[in-house]
Amino acid sequence: HYFIQSNLRIMSVEIALSILSLPIAVILMFLVIWNIISFDELKTDYKNPIDLCNSLNPLVIPEYTIQGFASLCYLYYVQYFGIVIMVPLTLYHIYRYLRRPRMSVLGIYDPTAVMNGDEMDRNKREGFIKLAIYLFNFFAGLLWMILSVSH
């Protein structure tokens with residue numbers, strides 16, 4: 001009797017987490033798409049570096065926090081696809097934040113550095129890679145939800 005109750009509780013938590021993973025992935029994709037569009041606007045001179053940094057730096061900590069929360073959920077509930085994809089990205093985010101330029105505001109983008117062509121290309125490439133990871137995470141979460149509900 002206890003085993004069945006415990007198993008049902010674990011299953012309901014797994015269903016709730018699989019459902020929660022979808023809006024998390026959508027939010028993360030939105031943040032990354034905003035990032036990619038902002039760097040494209042900088043490249044085409046629709047936006048200046050100060051405006052770019054003022055609009056993107058406040059979004060860095062929420063993105064990293066949401067993504068880190070998703071990684072912790074995957075670790076806690078031992079979801080291997082999430083662990084393999086999201087934990088290395090969390091470690092990269094920690095590395096990237098620790099190596100950020102010295103600034104008075106939270107964030108990783110420095111207005112004096114973002115106009116550098118190599119830096120701009122690296123940030124756009126990073127955005128596309130993260131978008132691919134979050135897209136994969138969305139579809140894997142959708143599959144996880146379908147499988148957890150069907151069992």
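Note that the structure is predicted; figures quoted are calculated from it, not measured.
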Let me check something: do [X] and [Y] share a hydrophobic cluster, defined by ILVMFWY side-chain heavy atoms less than 4.5 Å apart, either directly or through other members?
| X | Y | value |
| --- | --- | --- |
| L52 | I33 | yes |
| I50 | V114 | no |
| I37 | L56 | yes |
| M115 | Y46 | no |
| I61 | L72 | no |

Distance in Å, [X] [atom1] paired with [Y] [atom2], rounded so as to fall on 0.5 Å steps:
| X | Y | atom1 | atom2 | result |
| --- | --- | --- | --- | --- |
| S21 | F138 | OG | CZ | 8.5 Å |
| D40 | T44 | CG | OG1 | 5.0 Å |
| N137 | L131 | CG | CG | 12.0 Å |
| L31 | I36 | CG | CD1 | 11.5 Å |
| L59 | I66 | CG | CD1 | 9.5 Å |

* Asked: With distance as the sole test, does R100 use its side chain to make a donor-acceptor pair with the main-chain N or O of G107 at under 3.5 Å?
  ->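 Confirmed, R100 side chain pairs with G107 backbone.
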* Is a donor on one side and an acceptor on the other found under 3.5 Å between the side chain of S71 and the backbone of M86? ->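 Yes; at least one donor-acceptor contact below 3.5 Å.
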Please name the pair of heavy atoms, one in [X] and one in [Y], separated by the smallest distance, quoted to 0.1 Å.
| X | Y | answer |
| --- | --- | --- |
| P49 | P111 | CB-O, 3.5 Å |
| I108 | Y97 | CG2-CD1, 3.7 Å |
| L89 | I133 | CD2-CG2, 4.0 Å |
| S55 | S38 | OG-OG, 4.4 Å |

* Asked: How far apart are the C-alpha atoms of E119 and K124, what are their side-chain angles, what is the distance that settles it, and do they pass the side-chain contact (heavy atoms from CB on, under 4.5 Å) test?
  -> CA-CA 9 Å; E119 182 76 15; K124 281 181 70 174; over 6 Å; no
* Asked: After noting the C-alpha distance and the side-chain angles of F39 and D121, does the key distance pass the side-chain contact (heavy atoms from CB on, under 4.5 Å) rule?
  -> CA-CA 9 Å; F39 273 102; D121 290 340; over 6 Å; no
* **Heavy-atom side-chain proximity of K130 to M29 below 4.5 angstrom** =>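 Heavy-atom side-chain distance check fails, nothing below 4.5 Å.
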* Parallel, tilted or perpendicular, as decided by the 30° and 60° cut-offs, for the rings of Y64 and H93 ->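 Answer is parallel, since the angle falls under 30°.
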* side-chain hydrogen bond (donor to acceptor under 3.5 Å, both in side chains) involving T112 - partner list, sequence neighbours excluded ->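 T112 satisfies side-chain hydrogen bond (donor to acceptor under 3.5 Å, both in side chains) with D110 once adjacent residues are dropped.
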* Are N48 and D51 linked by a side-chain donor-acceptor pair shorter than 3.5 Å? ->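 Per modelled atom types, N48 and D51 side chains form a pair under 3.5 Å.
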* Asked: Regarding Y134 and Q67, is there a side-chain donor-to-acceptor distance under 3.5 Å anywhere?
  ->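 Result is no, nothing qualifies.
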* **Other residues, nucleotides, ligands: >12 heavy atoms within 6.0 Å of Y92 OH** =>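 Above 12, so yes.
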* To do: Please lay out, stage by stage, how T90 and F69 fare under the test side-chain contact (heavy atoms from CB on, under 4.5 Å).
  => CA-CA 9 Å; T90 302; F69 172 74; over 6 Å; no
* Using the side-chain hydrogen bond (donor to acceptor under 3.5 Å, both in side chains) rule, pick out the option among N123, N35, N57 that qualifies with Y109. =>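 Result for side-chain hydrogen bond (donor to acceptor under 3.5 Å, both in side chains) with Y109: N35.
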* Where do L106 and V60 land on the side-chain contact (heavy atoms from CB on, under 4.5 Å) test, with the steps shown first? -> CA-CA 8 Å; L106 294 175; V60 170; over 6 Å; no
